[in-house]
Every structure is written in structure tokens, then in C-alpha cells.
Amino acid sequence: MMYPRVVRIHKVVEETKDVKTVFFPFDERVEPGQFFMVLIPDVDEIPMSVSYLLDESKGFTFKRVGDATNKLFEKKAGDLIGVRGPLGNGFNIHGEKILFVAGGTGVASVAPAVEKALSQNRETVVALGAKNREELFFVERLKERGAEVHVATDDGSIGYHGLVSDLMLELVEGDSFDLVVTCGPEQMMKKVVEVCSKKGLDVQASLERHIKCGMGVCGQCCVCGGLRVCVDGPVFDGETLSKCRDFGLFKRDASGKKVYIH
Amino acid sequence: MMYPRVVRIHKVVEETKDVKTVFFPFDERVEPGQFFMVLIPDVDEIPMSVSYLLDESKGFTFKRVGDATNKLFEKKAGDLIGVRGPLGNGFNIHGEKILFVAGGTGVASVAPAVEKALSQNRETVVALGAKNREELFFVERLKERGAEVHVATDDGSIGYHGLVSDLMLELVEGDSFDLVVTCGPEQMMKKVVEVCSKKGLDVQASLERHIKCGMGVCGQCCVCGGLRVCVDGPVFDGETLSKCRDFGLFKRDASGKKVYIH
Amino acid sequence: MDETADAIKRVIQSGAGAVVTKSIGREPREGYPNPTVVELPHGILNAMGLPNPGVEAYVEEMKELTNVDVPVIGSVFSDSEKGFSFLAKKMELYGADAVELNLSCPHAHGYGFEVGSQPDLVENIVKTVKETVKIPVFAKLSSNVTSIVEIGKAAEEGGADGVVAINSVKALKIDVDLKKPILYNKIGGYSGRGIKPIGVRCVYELAKEISIPIIGAGGVEKGEDAVEYILAGASAVEIGAGVYYRGLTVFKKVCKEITEWMKRNGYNAVDEFKGVALR
Amino acid sequence: MDETADAIKRVIQSGAGAVVTKSIGREPREGYPNPTVVELPHGILNAMGLPNPGVEAYVEEMKELTNVDVPVIGSVFSDSEKGFSFLAKKMELYGADAVELNLSCPHAHGYGFEVGSQPDLVENIVKTVKETVKIPVFAKLSSNVTSIVEIGKAAEEGGADGVVAINSVKALKIDVDLKKPILYNKIGGYSGRGIKPIGVRCVYELAKEISIPIIGAGGVEKGEDAVEYILAGASAVEIGAGVYYRGLTVFKKVCKEITEWMKRNGYNAVDEFKGVALR
Ligand SMILES: Cc1cc2nc3c(=O)[nH]c(=O)nc-3n(C[C@H](O)[C@H](O)[C@H](O)COP(=O)(O)OP(=O)(O)OC[C@H]3O[C@@H](n4cnc5c(N)ncnc54)[C@H](O)[C@@H]3O)c2cc1C
Ligand SMILES: Cc1cc2nc3c(=O)[nH]c(=O)nc-3n(C[C@H](O)[C@H](O)[C@H](O)COP(=O)(O)OP(=O)(O)OC[C@H]3O[C@@H](n4cnc5c(N)ncnc54)[C@H](O)[C@@H]3O)c2cc1C
Ligand SMILES: Cc1cc2nc3c(=O)[nH]c(=O)nc-3n(C[C@H](O)[C@H](O)[C@H](O)COP(=O)(O)O)c2cc1C
Ligand SMILES: Cc1cc2nc3c(=O)[nH]c(=O)nc-3n(C[C@H](O)[C@H](O)[C@H](O)COP(=O)(O)O)c2cc1C
Ligand code: FES
Ligand code: FES
């Protein structure tokens, strides 16, 4: 039922100065790329991709950016939150060799997809982008699991100096992939999808739109001619996105007004 | 669900001048002694014991006594009625030799119980009472199935001249029964239960009370210290009835007022 | 299950902490012909039509209840101040521990809701009854009004010792095979599961605005339903349709489930969590 | 699913015979913070808080709908006659085929139901709007009033071309773990399965007393739900929560099921069974 399940946080991990992972008991099956609506009592209920898929518990990893995430940042093990989900479609992991391209907190939803690919013995290359060395996270986690991880930072403090989409260009030049999976800032994903279209690569991108109901009734999260990010997405394939005039162009704010993406 | 199922009557049989059997499609399991609330559109919804138990259809047999039954008497094959049920507990048929004692339309609910007993190879004796020869029905039906049928009429126009409860006295004198099952006018059943108590015979009687909800919520049909005829009954055993101060003494009308049984 | 003394005793044996009688009027009433009650996918719809043997005959039932262990609340309905106070007085004489004024039955023409939707009339009825009897007086309210708070305040002004919210919700089921309303009376009152969010809303709105006790009703079936009403500000709950869904053991089960919830949440008494959701 | 032009187009592709926009106001409104919608066991509870980009920005969406094949009904909300007629005029200019006045939203402070529960105000609003626009004007009514018939008559007096009944029902869900109302706005509107008997009752009561067309809403999910509304006197139905229960294909499915029911019952046109249950 589309009703928040009240759970007690059982672990909180600080990933960076502004990013934390919250673990909560949840023993049902969740797919990488799916998300939960996370209820922070008295404040808001916000969408969060699943970042850890354990048998008995699940986790999400978030950056503090505003009211709700700041309040969430204060929560400790033992505190109550609500989780409604899993929602959305998730990634469709297939092919022998997969490239994952994540920017910022995008790695949160990509990480479990990488782990799934590895557990299925697929060849797995990951490109992670961040502003700087301090804002990177999950690099060790993915390396330890056996992924080939490449890093890009805006300031060059570690790895490739530049945008992860440029790093990605290099990676696809020298190699062939059956699938590209991406999550991050929409401008970045737009570039990734464009590159894939040109190269004829299969691609899946996870979109963010303002989510209210999360159950397909309010219409708030619509993109690309009436597709609902909350139930038809958040993951869309390259074919859909190539025909989508708002992808990389505008989002809608809480009132439904267009907000252009810069 | 406790909601009338609208069905099309597919056969009507005249049993006597004032008694008819109505057959309707109904393929679920029903136990002898259970009843339906029969909806006669625009008129009333009244309780009727199941009198025929076929695989694909069920029947009830009724006497015209007032508004609803008179209207029902006019119905033909093809007409719509509602049936809500099966309701109540039904008879608990057990033992090697069973005596059935029915008066008036009481034979309607007893007949399928007799047939069940016969199909389970139990020895089956039936005592049927009626005012006169013309008002008797189901005698051939039960004989053909192999029951030993005795008849009593008030005017002696056929069979034993007198009350069926007196005929029953004779039957239990000369024989031993594991169970007595009775349905008919309450004074008659009262006598049957008294006889059984004295003789130490197991007995089950099917009671009639004013039924409104038929689902145990309105309290209209309560007897014997809060037992609901519609869900706890209509069949009660001798033990319960012996302790029941209203059995054979009073009923309640539609307003809940006591009406003494004469 | 509150028509007769025997039925009420059975409910008490089943674990109810108090019982409310069927609503009683001055004259005997047969109520409407059947169908009077049907189950819907999300609740129960009824138009009984206030059947009752009349207050004079009801003395027989009340006499048998004088020695029971729990409070017996006499429910009464009328169309006037005088009528209500006459009936309340009778109930007091018959030994009722409190009287509940049915100002909310959604399907009885000229009674219930038709009386209980007018604040002035409600205030006057409660006042007149309070002047007549010494036992506590509860006003049972309807959700079928523009503002239940206005009616609740009128009852409080009139001196009510508490209000009960809610009675069943005015509703209709049309049968698509018969192409007619399914109940004989056509319009009925909707109770049970489906109306709980409406009942809880009414209790919550009332609790914010009045200070006399509120008894919650509407869709209580499990312990957590009762807890929801109490968190919204109710002091107690009534159970109607729950008897259908869970049988007569519903009273014991609900009590047990409330206790379990209290244990899990560290409460020792109902007062500790009453109205907590209002803060 | 009626926030944006794209979303509305998708609904039309899914088989809806007409579409109603999200209720639009003068200024942009973000609506309430989440949770704004939750599912309950017997329906959906929402307090969106009338989010909308404001009527000036909405022209962009409306422009894209000028060439669609089905009527587009512009829903508007305001707190005054002037406000409603300003918005209705805009909708007409933007190409709306009709305008629906939201006189019934149960959770937006100062709007919706708070306006729509006063008969005089309803009559004046409808009258002013009718004087301003040439397209048909529908008044969307609330069941949260003592008499929906009184409000329906006021709309008819004002010259409305039809009424829509009902909007969602004022309700509340308290979470027993958090011990708080689950919605950010606390009180919300209850739609879907659980409210159908209330919606059908309202349409039935209205159909007996007013002669303008009635559009039914509340819990329509299957063909037989729509049939029930039409038997009660509705000329058409709206579907909201049904989109959740059966997906966007709900429109096609319901149409197919109505047709099947009509065949089984020997009808060729909706008019042949409209209001049959009123006889
Ligand atoms: C499917 C999905 C998955 C997401 N997964 C993650 C994740 O794994 N980790 C992570 O850090 N962030 C994730 N986000 C983004 C995250 O939901 C926002 O950062 C968060 O809602 C900000 O809330 P706030 O109150 O702290 O910020 P605010 O100050 O309210 O807003 C900051 C930004 O967050 C956006 N935002 C606010 N509320 C919502 C909402 N209800 N829906 C969508 N966006 C909103 C605003 O539009 C704004 O751009 C995801 C978003 C979506 C749609
Ligand atoms: C469990 C049960 C099974 C029954 N089975 C049969 C049967 O198989 N065959 C048969 O002919 N009769 C049966 N009856 C009796 C039958 O229900 C009544 O004869 C019928 O209701 C009369 O309705 P009426 O409108 O024609 O008569 P009315 O003029 O309304 O009343 C005539 C008599 O029927 C009684 N009656 C009316 N309505 C009801 C009601 N809702 N519930 C109970 N009694 C009512 C009245 O109290 C009165 O004594 C059964 C009754 C019960 C309780
Ligand atoms: C069959 C039935 C009969 C009822 N009779 C009465 C009555 O006589 N007086 C009254 O005040 N309420 C009556 N009610 C209403 C209930 O007392 C209660 O207020 C309502 O049903 C909501 O609670 P519930 O959901 O627990 O049933 C009746 C309800 C049902 C279902
Ligand atoms: C999420 C949601 C948003 C709604 N928004 C509006 C609205 O903006 N304007 C309006 O008049 N009704 C609105 N409604 C009410 C519906 O239009 C409809 O009247 C009500 O939900 C009952 O129908 P249903 O049971 O088919 O949903 C909304 C309902 C839901 C569930
Ligand atoms: S958030 Fe409501 S439809 Fe997606
Ligand atoms: S008829 Fe209502 S309890 Fe039996």
C-alpha cells in the first residue's frame, strides 16, 4: 500500500562532509534504480534512490541541500522516519560489458546497479564525477567489489581533470559497451545520452523531477509527453529521451511552472 | 459479501395451492438448514431455508402468508430476485439412525437434510405433519429417495390423525434414534425437544425469528440470552434450547416487542 | 446487537466496557421493510428506520440490565426538546447510567440528523434534557453537516457531558442489475471500515474546539483504529460494524490490541496518549 | 494527471472523452509540502493544496491543447465572484471548451469548500461567471455540507450549465507510530473506492431536485461504478483515483465495461438508462 512505513533508522554513515547514508530495516525486494519517498516527520517527504540493498535492510545516500535533507542529516540511529516504496521501474541491467557514468550524488543510485552487474559477472566500468576529491564517495566500495573505477573531478584534485561526460567520451572511444547507465545532473546525462545516440549505444538514465504523490495520480512529475517519473520512470532509455523535448531543457517546480535547466 | 446476488428464477414448481418452490442458479456449496435472504424488489427481503441443493442451482419452498410471499407467488421463470447467503449454521447430521420431525412448511428445510442423511447411508425416518392431505408436500420426493415416511394430519384426511408431535411420541417409543431433527411451528418443536430431553435423545431444531440484517449486527433476531438466529442459528441443539426461556414462549415483532406464542 | 436485554448482556459478556442501547422512541416503530442492511465492499450500509418497541415496553429490557457490571447508556430519539427530555427521564427512571441523544441518524425522516443539523435546536434539546435528568447526557453527532464543530459547540453550550462522533454517513447503493437503490428506504447510513477517515477527522476537529469528552465511532475494528481515535482526542470509542467484521469477540480483541500497542509505545494509561496528535 | 499539457494529452490518448485541468488560480502556488497523497485501505487521501503555476503561466499549457479532439474543461478556484470570473475569462480566451468552478476542495484554506458551502455566494459566483463567459459553466460541489441539494439549487439559480458531484470528502489519517496526522496539511480529501456510496447518494439527491446535467465523481473505477452514477441521474462521470487503481488504461476499460453492461441490459444509448433508479 502506498502509505509510509514508519521505521527506526538503525545506522547512519557519513560519506562526506555533506553526504550521509541512512540504513533502515526493510526486508522486501528492491531493484537498483528504484526509490523511496522518505518521510521526515513535520518537514517533508522526499524521493531518495536506494543505495544499499541488503537482505534485511536498505539504505539511501543523500546530500544536504535544503530543509528536508538538512533535517535528515541530523537524524541518528533510533530515530523514526517513514519510507514509502520501492517506487518506480529501476535499471534494466543487461549485456556483457556495461559502463556506468555517475555525477555527484548520482552514484547513490548507480552503486547498487554496479553491484548487481558484478554479481552477475558482467564486465563493469564505472566513471564517477565530483567537484573535488572531498566530495567523492563509494569509490572504495565499488573497487573492492571488483569494478574498474575511473574518477573525474572539476578541479583535478584527483583523477581526470574535467567533466565526467568528457571522461566518458575517452572511455567509449577505446572500448565497446553493450549498455551505458547514467545518473547525475541532467546536463551531464543529456551529454551522455547524446554520445550514446551518436555511437549507437544502449543507454538508460535516471531522471529527477519534483515528486509529490509518487503513485502516478497527481501529474506533478510528468516529462516527455506525459511520462510519469514516479511510475513510468525514473529510468528511461535513450530512445525515449532522444524524443523528449524537456530532457535537459526544463523541469517543473512545485507549482508546475517550468524552470529551465542551466 | 453480504449483498444480494441478483439472479433470474429458472423454474417454479407448485407444491400445493399455497406453496411453491423457486429454483435459481447458484453453484456454491450450501448446507441443509442454512437459509437465504430472498429479495423481492420493491417489497421486502425475507428469510427462506434452502429446500433443494443441486450442483448448479438451489431452491426454496415457501407458503404465501403475507405481502412478500404473495408477491413471490406471482413470480415466474425469468423474473429477477435477490439472494443473499447461504446464511446461518445448518444442521449437523450425524448418527446411524435419525428421526426427522417436520410440521407445515418446516419440511422445506428438513428435506435436504433427509437427503443428505440418505446419501450418507444413515437410517432415516421422517414424520411429516400438515393440516390436511392437500397441504402436504415432499412426501413422494422423500419416499423415492428411500426414507421411511410417516404422515400426520390434523383432520386425519391421510395418515395419523393428530399432531405430528404425538406421532413422533409413538415413533420414539418403539425405536431408538441417535438424533432427532425438527423444524416447524415453535409449539410443535417445543414438544419435540421436551420429549427428546426426557428420553435423552440428541435433538436439533431450526428456529424462526424476525430477520433484518441476517449478518449478526442488528440484534433483531436474538433468542436464548443473546444468541442470533441469523448467525448462531437458525439450528440450535436441545441443550441450548432447554435453557432458553423464550423458546416456545415468545418471539419479537419487527419493532422488537415481545409477541407471545400461542 | 443492542435491541434486547439478552443481546446487550451477551455484548457485555463479550468484553464491552459499556453498552449503548438501540435508539428508543416514544411509540413502537417497526422500522423499514428489508433490505435494511447490506454489506458494501468498504463498509456496511443500513436503513433500519429506528425500529424499537417504544419506551414503555423497553422498561422490560432495562429492568434486566440493572445488575450488570458496566454502564448502560440509553440511546433515545425524538423530534423535539420535550420528546427528548421525556425519553431521557424514562431512561433515568429505568436505571440507565447515562443517556445518549441520537441527533444524527441519517435515514429516519423527521428524526436524527434532520434535528441534529440545527445548532439552536441541538443546544435547546441538550439544555432541556440536562434540566430534566441527573445522569450524564451525551449528544451523538452526524458528519453530514457543513460544520460538526458548530454542532459540537452547541451541544457543549447546552451543557452536554460529552459528544459521540460519528453516526453513519448518508449514502446510497444502486444495484446495477435491479437498476434500483438496494435498500428499501433507498438512502441509508454508511458505517465500518470505509468511514474511519471521516470519523477520525470529525473527532480531531471537535477536540480542537470543545473541552467536553468525545467518544469516537466509525470503523473501529482493530486496536489501532481505537488508538487513532484516541490520538485524535477521543476518550473512548464505540464499535458497531466491527461486530460483523470480527464477531462478538471484537471487544476483547480490540482491548487486547490497545494494551499491546500501549506496551510497545510505553504508555500506562489512555490519558497519556489521548489527543497527542493534536499537538 | 492534469497538471501539464503533456500529461493531459497522455490522458486523452488513454481514452478519456473529456479532460478537466488541475484547478488553476490567479497566482502561482506551490501547494503543501509532502506528504500530500497517501493510500488508505479504502481510498486515497490527499492535501495537494491546489498547486498550480498561476493562470498567466498556464496559457502555455492551454495553447498546446487547442488542437486536441476532446473537450478541455478548465478548472479554476478563487475566493470571490470577481476572481472566478477573471479566471474563467482567461480560460475561455485560452480556448477552454468549458469551465469548472472548484467550489469544493476540502483542504485549501479560504478556497474551495469554504466558498462553496454558502448558497448565496455560490449563486453569485456562478451568475457573475455566466455574465462573463460564453462557454458552459459547471459548478463542482462538495459533499461536506448539510445539504448538497441546497448548493446545487443555488448553482442552478445562478445559471450553471451543470454541476459536478462530488469532490473529495474531508478526512484525516493519524499515523499510530508517529502519533501525528500523516499528511503535512493534516486534514485532506478522501477519494476513491471508499467514497462511492457518498458520491452516488449526492448525485441521486441532486437529480431529484435540479434539472441541469450532473457529472458524477467519486470512486469510479469500473464500468459498473459509472453505470451506478448514471442510473442515479448523472450524464457523465469523472475519474480521479481510478487512475491509480487501474492505471491510465482505466478510461478505455471503463468505456468498454459500460458498453458490455449496456449490451447485457439491452440499451443502445446512455440516455436510455440515465436516472432510471430515480423512478
Ligand atoms: C527519483 C529521485 C531520486 C532521488 N535520489 C536522490 C538520492 O539518492 N540522493 C540525493 O541526495 N538526492 C536524491 N534526489 C533528490 C532529492 O530528492 C532532493 O535533493 C531533495 O528532495 C531535496 O529536498 P530539500 O527539502 O532538502 O531541499 P529543497 O530546499 O526543498 O530543494 C532543493 C532541491 O531539491 C528539489 N526537491 C525538493 N523536493 C523535492 C521533491 N519532492 N521531489 C524532487 N525534488 C525535490 C527541489 O526542486 C530543489 O531543486 C532524488 C530525486 C528523485 C526525483
Ligand atoms: C431462518 C428462517 C427460515 C425460513 N424458511 C422458510 C421457508 O423455507 N419457507 C417458508 O415458507 N417460510 C420460511 N420462513 C418464514 C418466512 O420468512 C415468512 O413466512 C415470511 O417472511 C413472511 O413474509 P410476508 O411478507 O409474506 O408476511 P408478513 O405478512 O410480513 O408476515 C407473516 C409472518 O412472517 C413473519 N415475517 C415477516 N418478515 C419476516 C422476516 N424478515 N423474518 C422472519 N419472519 C418474518 C412475520 O413475523 C409474520 O409472523 C423462514 C423464516 C426464518 C427466520
Ligand atoms: C445496523 C446498524 C444499526 C444502527 N443503529 C443505531 C441506532 O439505533 N442509534 C444510533 O445512534 N446509531 C446506530 N447505528 C450507528 C452506529 O452506532 C455507529 O455510530 C456507526 O455505525 C459508526 O460506527 P461503526 O463503523 O463502528 O459501525 C447503527 C449502525 C448499524 C450498522
Ligand atoms: C491527487 C488528487 C488531486 C486532485 N486535485 C483536484 C483539483 O485540483 N481540483 C478539483 O476540483 N478536484 C481535485 N481532486 C478531486 C477529484 O477531481 C475528484 O473529485 C475526487 O477525487 C473524487 O473522485 P475519484 O474518487 O475518482 O478520485 C483531486 C483528487 C486527487 C486524488
Ligand atoms: S508524483 Fe504524482 S504523478 Fe508522479
Ligand atoms: S437479523 Fe440482525 S442480528 Fe440477526
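All of these numbers come straight from a predicted model, not from anything done at the bench.
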Original post:
Does the side chain of D:V164 reach to within under 4.5 Å of the side chain of D:L141, using non-hydrogen atoms?
Top reply: no

CD1 of C:I148 to SG of C:C202, rounded to nearest 0.5 Å, is 4.0 Å

Bottom line for C:I187: the part with an atom under 4.5 Å from chain D's heavy atoms is side chain

Greatest number of non-hydrogen atom pairs under 4.5 angstrom with chain C, of D:A277, D:P197, D:G199, falls to D:P197

Most heavy-atom pairs under 4.5 Å with chain D, out of C:L40, C:L178, C:I198, belong to C:I198

Sorted by chain and number, sequence neighbours left out, side-chain contact (heavy atoms from CB on, under 4.5 Å) with C:A16 holds for C:V11, C:V19, C:F251

Which of D:L101, D:I210, D:V122 passes side chain to side chain contact (heavy atoms under 4.5 Å, CB included) with D:V163? It is D:I210

May I have a table of the donor-acceptor pairs connecting chain D and chain C at distances under 3.5 Å?
unit_1 : atom_1 : unit_2 : atom_2 : d
D:H42  : ND1    : C:H42  : ND1    : 2.8
D:T146 : N      : C:T146 : OG1    : 3.0
D:T146 : OG1    : C:T146 : N      : 3.0
D:T146 : OG1    : C:T146 : OG1    : 3.3
D:K170 : O      : C:R201 : NE     : 2.9
D:K170 : O      : C:R201 : NH2    : 3.2
D:K170 : NZ     : C:E205 : OE2    : 2.9
D:L172 : N      : C:P197 : O      : 2.9
D:K173 : NZ     : C:E228 : OE1    : 2.9
D:I174 : N      : C:E228 : OE2    : 3.1
D:V176 : O      : C:W261 : NE1    : 3.3
D:K179 : NZ     : C:N265 : OD1    : 2.8
D:Y190 : OH     : C:G194 : O      : 2.7
D:G194 : O      : C:Y190 : OH     : 2.7
D:P197 : O      : C:L172 : N      : 2.9
D:R201 : NE     : C:K170 : O      : 2.9
D:R201 : NH2    : C:K170 : O      : 3.3
D:E205 : OE2    : C:K170 : NZ     : 2.9
D:E228 : OE1    : C:K173 : NZ     : 2.9
D:E228 : OE2    : C:I174 : N      : 3.1
D:W261 : NE1    : C:V176 : O      : 3.3
D:N265 : OD1    : C:K179 : NZ     : 2.8

Side chains of D:I230 and D:F273: does their closest heavy-atom pair fall under 4.5 Å?
-> yes

Heavy-atom nearest pair, C:G233 first then C:V203, reads C-CG1, 4.2 Å

Looking only at C:V200, C:V176, C:L231, the option with the highest number of non-hydrogen pairs under 4.5 Å against chain D is C:V176

Cut-off 4.5 Å, heavy atoms of chain D, and the answer for C:V169 is side chain

Quiz prompt | Non-hydrogen side-chain atoms of D:I182 and D:I174 separated by less than 4.5 Å | solution = no

The side-chain contact (heavy atoms from CB on, under 4.5 Å) partners of D:A207 (sequence neighbours excluded) come to D:I214, D:L278

Looking only at D:V276, D:L172, D:I195, the option with the highest number of non-hydrogen pairs under 4.5 Å against chain C is D:L172

Closest non-hydrogen contact found for C:G152 with C:L206 is CA-CD2, 3.9 Å

